[in-house]
Q: 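I am attaching a structure below and will ask some questions about it afterwards.
Below, chain A is the first sequence line, B the second, and so on; all start at residue 1.
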Amino acid sequence: MYALVDCNNFFVSCERVFAPYLNGKPTIVLSNNDGCAIARSEEAKALGIPMGAPLFKFRDIVEAHDVKVFSSNFSLYGDISRRVVDVLHRFAPEVEVYSVDESFVYFPFDITPTDALEWGRKIRDVIWRWVGVPTRVGFGPTKTLAKLANNMAKERSDGVCYVGADYTDLFKKTPIENVWGIGRNNTKKLYSLGVYTVYDFTSKTNAFIRKNFTVVGLKTAFELRGVPCFTLEDAPEPRKNRLISRSFGEEVTQLADLKEALVQFCHAGGRKLRKAGQFASALGVFVRTNPHKNRKNVTSGSAVLNFEAPTNNTLQLIKGVEALVKKVYVPGHAYKKAGIMLFELVQAHTPRQQSMVPEEGGYDHIGEAPALMEALDAIQKKCGRFSIGFGRYGLKARPSQSKWQGRREKTSPLYTTSWEQLPDVK
DNA sequence: TCTGGGGTCCTAGGACCC
DNA sequence: TCTGGGGTCCTAGGACCC
């Protein structure tokens, strides 16, 4: 038996944990750069604010109804997310963190749907009391059915639901696009093939599904019929690539500004690699002008280089960026977005080809962080992320002074991850 | 004026090997 | 007239997820 535990309107719910005055008020959280609505409270949804819509398109609604607006505060959301997962581990030994607001839970013992629903109510109750965010719990014999049940739980007053493989009546009423793994494109194709509901889909032959939707679609069909094809990934595979990118607050035309942004991304990238014990084999840089401003004339560029030996040394990433940015930067263009990509990430213990001629300033033994990086991480951890950097790359003392930094005008405090910003209890 | 930031998996087809 | 039977690796592109 699988369960999917999903936090309702997660980012908004996180904001409400420490600001209960927001309860009952229409509230939204914006994407980076205060661009789009990426989380909406039920009240905000009722006002017609669409998911992913840019703020300027519904600003009149915000003003007319006094919608509470927040910039995204991912430190807070990440911390709340960890707390939710901690609670789940008390209920079941096997938990797969699927995303920041969703986890799969596997119950390895026999459990009836009735008992499952009782468990679900208990899980919701404890998360609500201990962490302070509302959740929904869906149960099913496969992950896909649990996910569907989670969707159905929206309609249930107790926020829990079970869906079995034999729920034919339900399947006849459920649109196929509600199924996990059936996206926009497949929906269009399914409609054209006369498939509109879950029932229509599961009734098709395997050969038909395989032919039109590859093994991916076939697995989904099996899952809906109650045959598990996706198991719990309790020890997720280490990630293979990493992307660090941002849209800029203001368009960037100068090479120095572009470089400064990319160097910041290298800091973030290096830190993330070291934390995960990973090393990047190759580095990519990309830049892009604003696609919304001049749709016909969006320019982008990218370049990649291979490291002689995989690295997680920030300084080596920066050196790589220095070489690559010259290839992609074209004077006269106004860049709106840029990023770095770290490819073919390897773990410290992965066997690898040694370089015959060690790079100057590099290091030979993978897994051995150079003392400089250890010091950098330690100082940044103690004194803050911008307390130290590589001076010659134009790092300003406070990066908010840079034009490439995005807008974050309505950020809530770091209630749980900064000593200075702990909330007061009166 | 203003439009996010991450990821994964699968397939087809070409180049190349014996 | 008739033209084998295996493989691997890489890339681009398309689909999906949050």
Side-chain angles (χ1 to χ4, degrees), chain A residues 4-11 28-39 49-60 62 69-74 77-78 81 96-104 143-144 147 150-151 176-190 209-220 223 229-230 233 236-251 261 265 268-269 272 276 282 286 288-295 298 302 304 306 334 336-345 405-410:
Chain A
L4 179 68
V5 182
D6 178 300
C7 301
N8 308 350
N9 316 327
F10 183 55
F11 298 164
I28 59 169
V29 172
L30 299 175
S31 62
N32 246 316
N33 221 1
D34 289 350
C36 300
I38 52 170
I49 297 176
M51 182 64 174
L55 176 62
F56 71 89
K57 281 195 178 169
F58 57 86
R59 200 183 280 283
D60 47 336
V62 168
V69 179
F70 289 87
S71 305
S72 38
N73 181 348
F74 286 106
Y77 311 151
S81 175
E96 175 194 337
V97 179
Y98 180 64
S99 77
V100 70
D101 70 329
E102 280 178 48
S103 289
F104 284 102
K143 286 169 104 175
T144 304
K147 191 96 168 123
N150 188 279
N151 212 309
I176 187 64
E177 63 263 33
N178 288 9
V179 171
W180 185 42
I182 306 292
R184 238 189 18 231
N185 286 288
N186 280 344
T187 300
K188 227 161 90 184
K189 191 166 173 189
L190 283 161
I209 296 170
R210 174 76 175 79
K211 186 169 142 249
N212 289 291
F213 303 97
T214 76
V215 299
V216 185
L218 194 56
K219 281 183 182 172
T220 298
E223 284 253 315
C229 294
F230 307 125
E233 293 164 29
E237 291 291 300
R239 66 176 84 238
K240 298 167 181 169
N241 302 300
R242 202 182 260 283
L243 170 69
I244 296 116
S245 73
R246 288 289 177 279
S247 293
F248 298 144
E250 283 175 54
E251 285 172 345
F265 301 159
K272 287 173 179 184
F286 75 89
R288 203 193 63 192
T289 58
N290 191 344
H292 301 290
K293 204 168 172 182
N294 191 343
R295 208 170 285 274
V298 49
S302 64
V304 178
N306 291 303
K336 183 62 181 170
K337 183 175 181 173
I340 65 167
M341 292 168 287
L342 304 167
F343 297 113
E344 288 168 67
L345 307 187
Q405 285 282 339
R407 279 178 303 280
R408 309 188 78 228
E409 282 162 9
K410 299 131 189 157

Q: Around A:Lys410, counting heavy atoms of other residues, nucleotides and ligands shown, do more than 12 lie under 6.0 Å from its NZ?
A: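 Atom NZ in A:Lys410 is crowded, with more than 12 foreign heavy atoms closer than 6.0 Å.
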Q: Which distance, rounded to the nearest 0.5 Å, do you find between the CD1 of A:Ile176 and the CD1 of A:Ile182?
A: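 One finds 5.0 Å between CD1 of A:Ile176 and CD1 of A:Ile182.
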Q: Given the rule that a pair is Watson-Crick or G-U wobble with both distances under 3.5 Å, how would you write DNA chain C in dot-bracket, using | for pairs to a different strand?
A: ....||||||||||||||
Q: Hey, does A:Lys189 reach any base, or is it just sugar-phosphate, or nothing, if we go heavy atoms under 4.0 Å?
A: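 Counting heavy atoms under 4.0 Å across all strands, no contact is made by A:Lys189.
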Q: Determine, for A:Phe213 and A:Lys189, whether the Lys NZ or Arg CZ falls below 6.0 Å from the six-membered ring centre while staying within 45 degrees of the axis.
A: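 Here A:Lys189 passes the 6.0 Å and 45° test against A:Phe213.
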Q: Do side-chain atoms of A:Asn33 reach the backbone of A:Phe248 as a donor and acceptor pair under 3.5 angstrom?
A: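 At least one qualifying donor-acceptor pair exists.
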Q: With sugar-phosphate meaning primed atoms plus P, OP1 and OP2, does A:Tyr98 contact a base, only sugar-phosphate, or nothing at under 4.0 Å between heavy atoms?
A: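 A:Tyr98: backbone/sugar contact only, no base atoms under 4.0 Å.
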Q: Looking at A:Thr187, is its backbone amide N or carbonyl O close enough to the side chain of A:Glu177 to form a donor-acceptor pair, meaning the two atoms are under 3.5 Å apart?
A: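 No; judged by distance alone, with no hydrogens or angles, the pair does not exist.
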Q: Which is more 5' along DNA chain B, the nucleotide nearest A:Phe74 or the one nearest A:Lys240? Just name the residue.
A: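 Comparing both residues, the 5'-ward one is A:Phe74.
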Q: Answer with base, sugar-phosphate or nothing: what part of the nucleic acid does A:Val215 contact at a heavy-atom distance below 4.0 Å?
A: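 Sugar-phosphate: the residue A:Val215, judged by heavy atoms under 4.0 Å, touches backbone atoms but no base.
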Q: Just to verify, what does A:Phe11 make a ring pair (Phe, Tyr, Trp, His ring centres under 6.0 Å) with, not counting sequence neighbours?
A: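 Once residues adjacent in sequence are excluded, the partners of A:Phe11 under the ring pair (Phe, Tyr, Trp, His ring centres under 6.0 Å) criterion are A:Phe74, A:Tyr77.
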Q: Return the set of residues passing side-chain hydrogen bond (donor to acceptor under 3.5 Å, both in side chains) with A:Glu344 (not counting sequence neighbours), or none when no residue passes.
A: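 So A:Glu344 forms no side-chain hydrogen bond (donor to acceptor under 3.5 Å, both in side chains) with any residue.
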Q: Base, sugar-phosphate, or nothing for A:Asp34, non-hydrogen atoms under 4.0 angstrom?
A: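 The answer is nothing, as A:Asp34 stays clear of every strand by at least 4.0 Å.
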Q: For A:Phe56 and for A:Val216, locate the closest nucleotide of DNA chain B by heavy-atom distance; then report the residue assigned to the nucleotide nearer the 5' terminus.
A: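 Checking each residue's closest nucleotide, the 5'-ward one belongs to A:Phe56.
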Q: Would you mind classifying the nucleic acid contact of A:Asn32 as base, sugar-phosphate or nothing, using non-hydrogen atoms under 4.0 angstrom?
A: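 The answer is sugar-phosphate, as A:Asn32 gets under 4.0 Å only of primed atoms, P, OP1 or OP2.
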Q: Quick one: side-chain hydrogen bond (donor to acceptor under 3.5 Å, both in side chains) partners of A:Thr214, sequence neighbours excluded?
A: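 Once residues adjacent in sequence are excluded, A:Thr214 has no partner under the side-chain hydrogen bond (donor to acceptor under 3.5 Å, both in side chains) criterion.
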Q: Would you grab the first and last nucleotide of DNA chain C (5' to 3') that comes under 4.0 Å of any non-hydrogen atom in chain A?
A: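 Listed 5' to 3', the contact boundaries are C:dA15 to C:dC18.
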Q: Name all residues meeting the salt bridge (Lys or Arg N to Asp or Glu O under 4.0 Å) criterion together with A:Asp34; count only those two or more places apart in sequence or in a different chain, and write none if there are none.
A: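 By the salt bridge (Lys or Arg N to Asp or Glu O under 4.0 Å) rule, A:Asp34 matches no residue at all.
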Q: Students often get this wrong, so: under 4.0 angstrom with heavy atoms, is A:Leu55 touching a base, only sugar-phosphate, or nothing?
A: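 Here A:Leu55 touches no strand at all.
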Q: Students often get this wrong, so: under 4.0 angstrom with heavy atoms, is A:Lys337 touching a base, only sugar-phosphate, or nothing?
A: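 Answer is sugar-phosphate: A:Lys337 comes under 4.0 Å of backbone atoms only.
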Q: Contact class for A:Ile244 vs. all strands (heavy atom < 4.0 Å): base, sugar-phosphate, or nothing?
A: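 Sugar-phosphate contact only - A:Ile244 comes under 4.0 Å of backbone atoms but never of a base.
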Q: I'd like the C1' distance from C:dG4 over to B:dC17, given in whole Å.
A: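 To the nearest whole Å, 15 Å.
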Q: Classify the nucleic acid contact of A:Lys188 as base, sugar-phosphate or nothing, counting any heavy atom under 4.0 Å across all strands shown.
A: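 If one applies the 4.0 Å heavy-atom cut-off, A:Lys188 turns out to touch nothing in the nucleic acid.
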